Number of protein chains: 2
Amino acid sequence: MKRKPSTEATSAWIRLMRVQSRVLDCVEQDLKKAGFPPLAWYDALLELSRAPGGELRPVELERQMLIPQYSTSRLIDRLVDEGLACRRECKIDKRGQFVEITEAGRELQKRMWGAYSAAIEKYVGSKLSDADAVKLSGLLDRLGCSCGEMKLPPVANNTNETTPSR
Amino acid sequence: MKRKPSTEATSAWIRLMRVQSRVLDCVEQDLKKAGFPPLAWYDALLELSRAPGGELRPVELERQMLIPQYSTSRLIDRLVDEGLACRRECKIDKRGQFVEITEAGRELQKRMWGAYSAAIEKYVGSKLSDADAVKLSGLLDRLGCSCGEMKLPPVANNTNETTPSR
DNA sequence: TCAAGATTGATGCAGGTGCATCGAGTGGGG
DNA sequence: CCCCACTCGATGCACCTGCATCAATCTTGA
């Protein structure tokens, strides 16, 4: 027997869509106004900077970021064009390659974290108590885990550390 | 004094981004597999179908949907191209126009609601108790209300009624 | 009444995304 | 060893979005 979606589920869905798009807009707007590239660049730079040797296979990056293959490919193009990363050959698998973050890339990632963390604080931290943030995370987790598995979100637990966006 | 974003706020942010993008992907994928157009079309058709006379000024539609003006303009183009709506002149303001939903538009909106409500149930309703859905809505609301004001989400309270997507 | 400014809606351009497909390279079974 | 299936990554295409700007019209206020 197929249930109709409850009013509550529907309402939660609507708010989830509306709120995240507005908050994300605000954050990206702040970053853009500060002259930074889109958040996706930050995510990629962060993943690269955390990888051992500062390099990853595109296919790894793709899995970390949960974005499609072609999207990764073109994002890497842009990072390379801007000198934030470089492609290196992969000796063990000639189909593949490594992407290595450059010093400029590391430096940009750190600078972006300044603006980014400020935006998170402004649009999330200042609106929610820690306890409520924890509750929200818990409820959201239950939604995420089933349409394909949910990766453990890579959260910094050292307050001096940088943190990924998504 | 400027606080660092708490670990909890950051973690909530990450989950918000990841979870909504995955859930939205799942829902849009289901609709696409059923041969339906994107959710934005549904939203527009719903707004039109609820408007008195089934017609709205583009500028109204834009405010309802919280999307930019040029985006509305082109969305209307597509709806008109597909025969789901038509443009009508606005006699009181010659700059403007009315957009009126057609019968085909109303019919598509209803058919989409079938697939759409099933997807909401599948990806949200089945994962969350009603009580948790209410909690989630409440927490999300607190995030939404401040970067620009939050519109009251137009929620159907009659289970036979259709419901907007965002 | 009329000029200045605001509002409505369209559009050219640059860039990003999804989809399908391709070529190169790998690896496993016969 | 060789062929077939698979994986890795790139790319052409269509479409969609954001941004800037435009023309037309409306409104305001001197």
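From a predicted model like this one, the values you see are computed outputs, not experimental measurements. Below, read A as the first sequence line, B as the second, and so on, with proteins coming before strands; counting in each chain starts at 1.
- Contact between the side-chain N/O atoms of A/Arg87 and the OP1/OP2 oxygens of D/dC8 is not found at any separation under 4.0 Å.
- Scanning all heavy atoms of the two residues, the minimum distance from B/Val23 to B/Tyr123 falls at CG1-CB, 4.0 Å.
- In this structure, A/Glu28 atom CD and C/dG16 atom P are separated by 12 Å, rounded to whole Å.
- Here C/dT17 presents its C1' atom at 16 Å from CG of A/Leu66, a figure rounded to the nearest Å.
- If you take CG of A/Leu24 and P of C/dG16, they are 15 Å apart, rounded to a whole angstrom.
- Between A/Pro38 and A/Met112, the closest heavy-atom pair is O-CE, 4.0 Å.
- In this structure, A/Ser73 contributes its side chain and A/Gln69 its backbone to no donor-acceptor pair below 3.5 Å.
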- Item | Trace of the salt bridge (charged side-chain N to carboxylate O under 4.0 Å, His left out) decision for A/Arg22 with A/Asp25 | CA-CA 5 Å; A/Arg22 292 183 74 79; A/Asp25 275 2; over 6 Å; no
- How does protein contact run along nucleotides 18-29 of chain C, one letter per nucleotide 5' to 3', with B for base contact, S for sugar-phosphate only, - for none, heavy atoms under 4.0 Å? BB----BBS---
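- For A/Ser71, the side chain to side chain contact (heavy atoms under 4.5 Å, CB included) partners two or more places apart in sequence, or in a different chain, are A/Ile67, A/Pro68.
- Whole-Å rounding puts the A/Trp41 CH2 to C/dG16 P distance at 7 Å.
- Between B/Trp13 and A/Tyr116, the ring-plane angle classifies as perpendicular under the 30° and 60° cut-offs.
- Between the CG atom of A/Leu39 and the P atom of D/dT17 there is a distance of 19 Å, rounded to whole Å.
- Along DNA chain D, the nucleotide nearest to B/Arg78 and the one nearest to A/Glu62 differ in position, and the one closer to the 5' end is contacted by A/Glu62.
- In this structure, B/Glu89 atom CD and D/dT25 atom P are separated by 12 Å, rounded to whole Å.
- One can place CD of A/Glu60 at 12 Å from C1' of D/dC8, the figure rounded to the nearest angstrom.
- Contact annotation: B/Ser73 does not reach the phosphate of C/dG9 (side-chain N/O to OP1 or OP2, under 4.0 Å).
- Here D/dA24 presents its P atom at 16 Å from CD of B/Gln97, a figure rounded to the nearest Å.
- In terms of modelled atom types and a separation under 3.5 Å, the side chain of A/Thr72 and the main chain of A/Pro58 share no donor-acceptor contact.
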